[in-house]
Amino acid sequence: MSDARTLKTNPSRKRRTAPAASRTAKTSKPEVESRRFWLTYPAKLITRPVIWQLSQRYSFVFNVRQASVTDQIGILCLELEGPRADIKAAIRWLEKQGVTVEPVEINVIES
């Protein structure tokens, strides 16, 4: 007679797992970092959804920290969280679109 209790305690049915070292080697992910940038838009790009386009191209966590937009210029502080290589690619893409990208050097007020 076989029942569920017998199957649970059967030592030959124990699940085997790989050693911890081999488990971490297979699942290593690129190092994620968080960086802030000042983006300056010329007048011709103010009405274009540049950040949305960026979000469709790259899998980042985006955070708009501050923004100021007039008819002549748009200035935006954008925080990006993701792999370093992807952040660099995103910066190149933004600059190719005509957006000036400068790193935020000092976090005076951390909120």
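Just so it is clear, the values below take in all heavy atoms, side chains as well, and ignore hydrogens, waters and symmetry mates.
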Which ring pair (Phe, Tyr, Trp, His ring centres under 6.0 Å) pairs, counting each pair once, include a residue from residues 78-99, with sequence neighbours left out?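 Those involving residues 78-99 do not exist here.
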
Gap between atom [atom2] of [Y] and atom [atom1] of [X] - 0.5 Å precision:
{"X": "Arg65", "Y": "Trp38", "atom1": "CZ", "atom2": "CH2", "answer": "10.5 Å"}
{"X": "Thr100", "Y": "Tyr41", "atom1": "OG1", "atom2": "OH", "answer": "11.0 Å"}
{"X": "Arg36", "Y": "Glu81", "atom1": "CZ", "atom2": "CD", "answer": "11.0 Å"}
{"X": "Arg35", "Y": "Leu80", "atom1": "CZ", "atom2": "CG", "answer": "9.0 Å"}

May I ask you to test the Asp71-Ile46 pair for a side-chain heavy-atom distance under 4.5 Å?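 No, every pair of side-chain atoms sits at 4.5 Å or beyond.
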
- Item | Heavy-atom side-chain proximity of Val64 to Cys77 below 4.5 angstrom |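 Result no, sub-4.5 Å side-chain heavy-atom pair not found.
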
Pairing residues for Glu33 by the side-chain hydrogen bond (donor to acceptor under 3.5 Å, both in side chains) criterion, not counting sequence neighbours =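 Partners of Glu33 under the side-chain hydrogen bond (donor to acceptor under 3.5 Å, both in side chains) test: Arg84.
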
Shortest non-hydrogen contact from [X] to [Y]?
{"X": "Leu45", "Y": "Val50", "result": "O-CG2, 4.4 Å"}
{"X": "Gly82", "Y": "Ile87", "result": "O-CD1, 3.7 Å"}
{"X": "Pro42", "Y": "Gly98", "result": "CD-O, 3.4 Å"}

Could you work out, with side-chain contact (heavy atoms from CB on, under 4.5 Å) as the rule, every residue matching Val101, not counting sequence neighbours?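 Partners of Val101 by the side-chain contact (heavy atoms from CB on, under 4.5 Å) criterion, ordered by chain and then number, come out as Phe37, Leu39, Ile91, Leu94, Glu95, Val99.
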
Return all side-chain donor-acceptor pairs below 3.5 angstrom for residues 53-63, not counting sequence neighbours, or 'none' if the list is empty.
residue: Gln53; atom: OE1; partner: Arg48; partner atom: NE; Å: 3.4
residue: Gln53; atom: OE1; partner: Arg48; partner atom: NH2; Å: 3.2
residue: Ser55; atom: OG; partner: Trp52; partner atom: O; Å: 2.6
residue: Tyr58; atom: OH; partner: Ala89; partner atom: O; Å: 3.3
residue: Asn63; atom: ND2; partner: Glu79; partner atom: OE1; Å: 3.2

